[in-house]
Colleague: 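This is the structure I want to talk about, given as structure tokens.
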Protein chains: 2
Amino acid sequence: MSMQDTASSGVALWRLVADGIERGIADGRFAAGDKLPGEMEIAETYRVNRHTVRRALAALAERGIVRAERGSGTYVEAQKLAYPLRSRTRFSEIVGADGREPHGRLIEASEDVATRELAKELGLKTGAPLVRIEAIRLADRTPICVSTTWLSAELFPGAGEVFAATRSMTKLLEHYGVRDYRRGATRITAGIVDATDAARLDLPLGRPILVVDATDHDLVGKPLVTKHSRFAAERVEFLVEP
Amino acid sequence: MSMQDTASSGVALWRLVADGIERGIADGRFAAGDKLPGEMEIAETYRVNRHTVRRALAALAERGIVRAERGSGTYVEAQKLAYPLRSRTRFSEIVGADGREPHGRLIEASEDVATRELAKELGLKTGAPLVRIEAIRLADRTPICVSTTWLSAELFPGAGEVFAATRSMTKLLEHYGVRDYRRGATRITAGIVDATDAARLDLPLGRPILVVDATDHDLVGKPLVTKHSRFAAERVEFLVEP
DNA sequence: CCAAGTTGTCTATGATAGTAGACAACTTCA
DNA sequence: TGAAGTTGTCTACTATCATAGACAACTTGG
């Protein structure tokens, strides 16, 4: 590999090495606690200077994914959160099942009006008043995802304040008398984090994110809320059950 | 935005701009055929030099996502493939439903032995003989995903040759008398494409990919094949039905 | 036709990425 | 204890990234 080989992809060489190692950890090629190959060996496999490898490892170390021990080697630290995509999915339950402490925090709540697409998802008319809630969810102290949630301002007046107090979408819906709800059709794609989300997720720029668009319905199929969520890809894996 | 602000994320500034525009297209902020804002305006919104914006647009143009018209503006070209993740999912049907021509191609077939994890997925013993099939799937002439597929070499002798001839996993299984099958538990995550897959998917280095691990079962639940697929995130979106 | 607004091309300059080599500091193991 | 192998630090050089300004070529709408 070399700067010419990248064909000017716009990613630094050390980033490619770091991503390669990280994927090796995600794949299970390197398990938690394992010792990585030496810097020289990594440099040879990626056909890259040792200093470039060091830069890659430094970036991974800063994110807590590996840990370097002088004279000995560099060791793997990390683990992903398993996130089942069932129709009845609650963030707090998933995180709790992983033995971690779930948290939610309101970033911002504001009034908004429905675009044509939002209106269609929520079964409202274009231009209908909405509440827009920007929130972040964490496991222990690690940010997992940021979500933009839209609800009808007529059905859920003051939803922003309620969310700020309860810090939970489930409790917010309970407050309005919704006892149970189900996830509807869900779109999943991947992208690169933007500057705003990078800061909120405590993620370096350029990292991959999983983008999930979903609408929750009550038990008779009436749309309640529609969400646009961005997950730090390196901290989570989705499980789709058949 | 500036080179200092990126905090050395390892991605070039023009890449961040290109990714931002691309995400705007994916989100529907810019629809197919729309005119993008002028280079000067984009430069202002990203707080970046116009030359940097030009570089970003040039990269998008080379990938066929936008088209620049001198004196007039820059216009959007692209569309994503909607990929439903139902338990009975066939690539050719999905692509056909999108009005495009599905293709498959064998990259490589080889003998392999089951690691502990592969053995567990396939209900075999560690070290059992496997056939490993590396294949690529395309819609029209656009590569959509590369998959590594493992099957028991005892249950499916010569599977590599059969796949090379039929170019379809469904037809391969039919050849061995499997009339129907279902997708089992599926893990989805995101990452950055590596050099090998980048070449196969005709993607620039550093682009995001959707990584899908799944095992297909016959109708009584016996594991048939297990797959590790990498999708070009910019060309596909997964739909999970409730 | 003209003015305003667009993309295309050129030159120039400072900051950063990547390569290269040498050596120090430390750990492991025989 | 000593040799081999590891990570840490320093200097130096080249290519690329990003910015900056100026102007050409072209399209659109009045």
Side-chain angles (χ1 to χ4, degrees), chain A residues 1-21 30 33-62 65-77 192 195 204-206, chain B residues 1-21 30 33-62 65-77 192 195 204-206:
Chain A
M1 208 177 310
S2 74
M3 210 45 194
Q4 287 82 335
D5 286 342
T6 67
S8 256
S9 63
V11 280
L13 212 35
W14 65 263
R15 246 314 214 78
L16 297 178
V17 176
D19 289 338
I21 294 169
F30 308 119
D34 277 9
K35 178 176 168 177
L36 292 179
E39 292 172 352
M40 267 310 201
E41 190 177 337
I42 297 176
E44 279 163 16
T45 61
Y46 285 93
R47 309 254 177 81
V48 126
N49 194 279
R50 181 181 154 233
H51 293 284
T52 308
V53 173
R54 284 186 58 70
R55 182 114 208 244
L57 291 173
L60 292 174
E62 190 169 10
I65 293 175
V66 303
R67 163 184 37 87
E69 289 185 7
R70 182 178 195 154
S72 169
T74 305
Y75 300 83
V76 177
E77 295 265 61
I192 301 289
L205 286 171
Chain B
M1 209 178 306
S2 74
M3 209 46 195
Q4 286 83 333
D5 286 342
T6 68
S8 255
S9 64
V11 279
L13 211 36
W14 64 263
R15 249 308 219 84
L16 296 178
V17 176
D19 289 338
I21 294 170
F30 307 119
D34 277 9
K35 177 175 168 178
L36 291 179
E39 293 171 352
M40 267 310 200
E41 191 177 336
I42 297 175
E44 279 162 19
T45 61
Y46 286 93
R47 309 251 176 84
V48 124
N49 194 277
R50 183 182 153 230
H51 291 91
T52 308
V53 172
R54 285 185 57 70
R55 178 117 208 230
L57 290 173
L60 292 173
E62 190 169 12
I65 293 174
V66 303
R67 164 184 39 86
E69 288 185 8
R70 183 178 193 156
S72 169
T74 304
Y75 300 83
V76 178
E77 294 266 60
I192 300 290
L205 286 171

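Below, read A as the first sequence line, B as the second, and so on, with proteins coming before strands; counting in each chain starts at 1. Just so we're clear, the structure is a prediction, and the values are computed from it rather than from any experiment.
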Colleague: What I want to check is whether an N or O donor and acceptor connect the side chain of B:H51 with the base of C:dC10 at under 3.5 Å.
Modeller: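 By the distance-only test, yes, there is a pair.
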Colleague: For B:W14 and C:dT16, give me the distance from atom CH2 to atom C1', rounded to whole Å.
Modeller: 16 Å
Colleague: Whether the side chain of A:R50 and the base of D:dG8 hold a donor-acceptor pair under 3.5 Å is what I'd like checked.
Modeller: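 Checked by distance alone, the answer is yes.
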Colleague: Can you find a heavy atom in the side chain of B:L36 that is under 4.5 Å from one in the side chain of B:F30?
Modeller: yes
Colleague: What nucleotide among C:dG18, C:dT7, D:dT19 has an atom nearest to a side-chain atom of B:E39?
Modeller: C:dT7
Colleague: Please step through side chain to side chain contact (heavy atoms under 4.5 Å, CB included) for the pair A:L57 and A:I21, ending with a clear verdict.
Modeller: CA-CA 9 Å; A:L57 291 173; A:I21 294 169; 3.9 Å; yes
Colleague: Nearest to the A:L13 side chain among D:dT6, C:dT19, D:dA18, which nucleotide is it?
Modeller: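 The answer is C:dT19, which lies nearest to the side chain.
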Colleague: Write down the distance between CZ (B:R55) and C1' (D:dT19), rounded to a whole number of angstrom.
Modeller: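 About 14 Å, once rounded to whole Å.
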Colleague: Any side-chain N or O of A:N49 under 4.0 Å from OP1/OP2 of C:dG18?
Modeller: no
Colleague: Extract from the structure each pairing of a protein N or O with an N or O of nucleotides 26-28 of chain C at less than 3.5 Å, listing the distance.
Modeller:
unit_1 : atom_1 : unit_2 : atom_2 : d
C:dT27 : O4'    : A:G71  : O      : 3.4

Colleague: Any heavy-atom pair between the side chains of B:E39 and B:E41 that's under 4.5 Å?
Modeller: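 In short, these two side chains do not touch, never coming nearer than 4.5 Å.
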Colleague: Given C:dT19, is OP1 or OP2 found less than 4.0 Å from the side-chain N or O atoms of A:T52?
Modeller: yes
Colleague: What's the angle between the local helix axes at either end of the helix from C:dC1-D:dG30 to C:dA30-D:dT1, using five pairs per end and rounding to 10 degrees?
Modeller: 40°
Colleague: Quick one: does any side-chain atom of A:K35 pair with a main-chain N or O of A:S72 as donor and acceptor, under 3.5 Å?
Modeller: yes
Colleague: Can you measure A:E44 atom CD to D:dG5 atom C1' for me and round it to whole angstrom units?
Modeller: 13 Å
Colleague: Once rounded to the nearest 0.5 Å, what's the spacing between atom OG1 of B:T52 and atom CZ of B:R15?
Modeller: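 The CZ atom of B:R15 is 14.5 Å from OG1 of B:T52, to the nearest 0.5 Å.
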Colleague: If I take atom CD in residue B:E62 and atom P in nucleotide C:dG8, what distance separates them, rounded to the nearest angstrom?
Modeller: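 Rounding to the nearest Å, CD of B:E62 and P of C:dG8 are 14 Å apart.
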Colleague: Calculate the interatomic distance between A:M40 atom CE and D:dG8 atom P; express it in whole Å.
Modeller: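 Checked: the CE to P distance equals 14 Å.
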Colleague: A:I42 has an atom CD1; how far is it from atom C1' of D:dT6, in whole Å?
Modeller: 12 Å
